[in-house]
Amino acid sequence: MDNNQQYKWRQRKKRNTRITIWIILVILAAAGGTFAYEGMKESNPLNVAKKYFKDAVGAEEYTVETGDRSLNKQNQFVQNYTFTYTADGKEVRQSVNMVQQNEKKYGLFEQWAMEAAGASAVDMELIVPAGTQVLIDSRVPDQASIKEDEDLSPGAVCYQLSGVEPTAKLQINGLPFESYEGTLETSGTVLDVRNQMKVSDNAKVQMEEIAKTMINDLYTNVLNEEGEEALGDQFAQVPNKSNLYRAISENLFRDGQLQVNSISFEGFQAEFGDIYYPGKDEESFVGIEMKLSYTCNYERAAQETEAEQEEESETETENAADTSVQKEATFYFRYQDGNCVVTSAEVPGVL
């Protein structure tokens, strides 16, 4: 082999060696990338939560909200996420807890997994308004779980729950409340939802209609001089109805003479106060105050007056123009066993 051939052979050998090295480097890089990818894809709790949610629910479109991170009894980090999606045309929220695993993947990467059922079960007390229906994951709590508590308001019921999941769905229904939906999650051992309850639109309409009927009945009875005994059933539990009837009668009559020809009411606007509950020694109820503003239209009756001049012996009549005034009445309602009753009413006079 001459020198030229030896030179070509050495060059070919170097080239093949470089190619081999590059191939090995590419393989190592690919293996390293795969190693890193496989190790890191489960080190992000959100990625694991999304995979679980997609596999379990099958929803393709959703939004996710990152919640609190806490420690469980095993001193593991627990990360909460809330997924919101649409099912059967209704918005649904589902809470998911991811738990950081004790062992690292490949000894380098953190691992997260769905919290095992029952892993976060707790014992707790749930306080709700009396007379409402309670559902926990669509099931009614055992009546035996109702706790007797001498310090608790009669307007509330306390459930002593054992081994419940904080993420369990909580539903509370019943007048006068708007349907409540949430979970049992709480930072303590007691969840009192009474201050979170809101008056429903149906209850508001019911109370406003009762108040409007009572105002009309009161004035109709006074104008017809029928007496307080003729007031409707809505006045049955109003202890001040005698004083109320007397005050309106004295407002409309002067020396036995009716001061108006007609009265009408319109433009009712209701404003509701906070829900309140009875004291320790009272019977159980849910109370609501309502202020009802409205426009009162009336026409004064013609009044006879003596002529100012001595030569005039006949009387003349003076007719006042139709008048509109703004008024506001106050009513106190109680809901007991699903029934709405009025316990007090303050209705202003017209004149």
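Remember, it's a predicted structure, so these values are computed and weren't measured experimentally. We're numbering straight along the sequence, starting at 1. Note that these values count all heavy atoms, side chains included, but never hydrogens, waters or copies made by symmetry.
Without hydrogens or angle criteria, Tyr81 side chain to Leu46 main chain gives a donor-acceptor distance under 3.5 Å. Side-chain atoms of Asn224 do not come within 3.5 Å of backbone N or O of Glu226 as any donor-acceptor pair. Although no hydrogens or angles enter the test, the distance criterion places no donor-acceptor pair under 3.5 Å between the side chain of Lys291 and the main chain of Ala329. Without hydrogens or angle criteria, Glu225 side chain to Val222 main chain gives no donor-acceptor distance under 3.5 Å.
Between Asp192 and Arg194 there is a salt bridge, with a side-chain nitrogen of the basic residue lying less than 4.0 Å from a carboxylate oxygen of the acidic one. Glu283 has a carboxylate O that lies under 4.0 Å from a charged side-chain N of Arg334, or vice versa, which qualifies the two as a salt bridge.
Every pair passing side chain to side chain donor-acceptor pair (under 3.5 Å) that includes a residue from residues 212-222 is listed here, sequence neighbours excluded: Glu209-Lys212. Sorted pairs that involve residues 329-351 and meet ring pair (Phe, Tyr, Trp, His ring centres under 6.0 Å), not counting sequence neighbours, are lacking altogether.
To the nearest 0.5 angstrom, Lys204 atom NZ is 9.0 Å from Ile288 atom CD1. Taken from CE in Met207 to CG in Asn202, the straight-line distance is 10.5 Å, to the nearest 0.5 Å. Atom CG of residue Asn80 and atom CD of residue Glu185 lie 5.5 Å apart, to the nearest 0.5 angstrom. Rounding to the nearest 0.5 Å gives a distance of 8.5 Å between OG of Ser70 and CD of Gln79.
Defined by atom type and a distance below 3.5 Å, a donor-acceptor pair is present between the side-chain atoms of Gln196 and Tyr180.
Between Phe268 and Tyr294, the ring-plane angle classifies as tilted under the 30° and 60° cut-offs.
Of all heavy-atom pairs spanning Val134 and Pro141, the tightest one is O-CD, 3.2 Å.
Using a 4.5 Å heavy-atom threshold, the side chains of Thr82 and Val64 count as separate.
Members clustered with Val205: none, using a 4.5 Å side-chain heavy-atom cutoff among hydrophobic residues.
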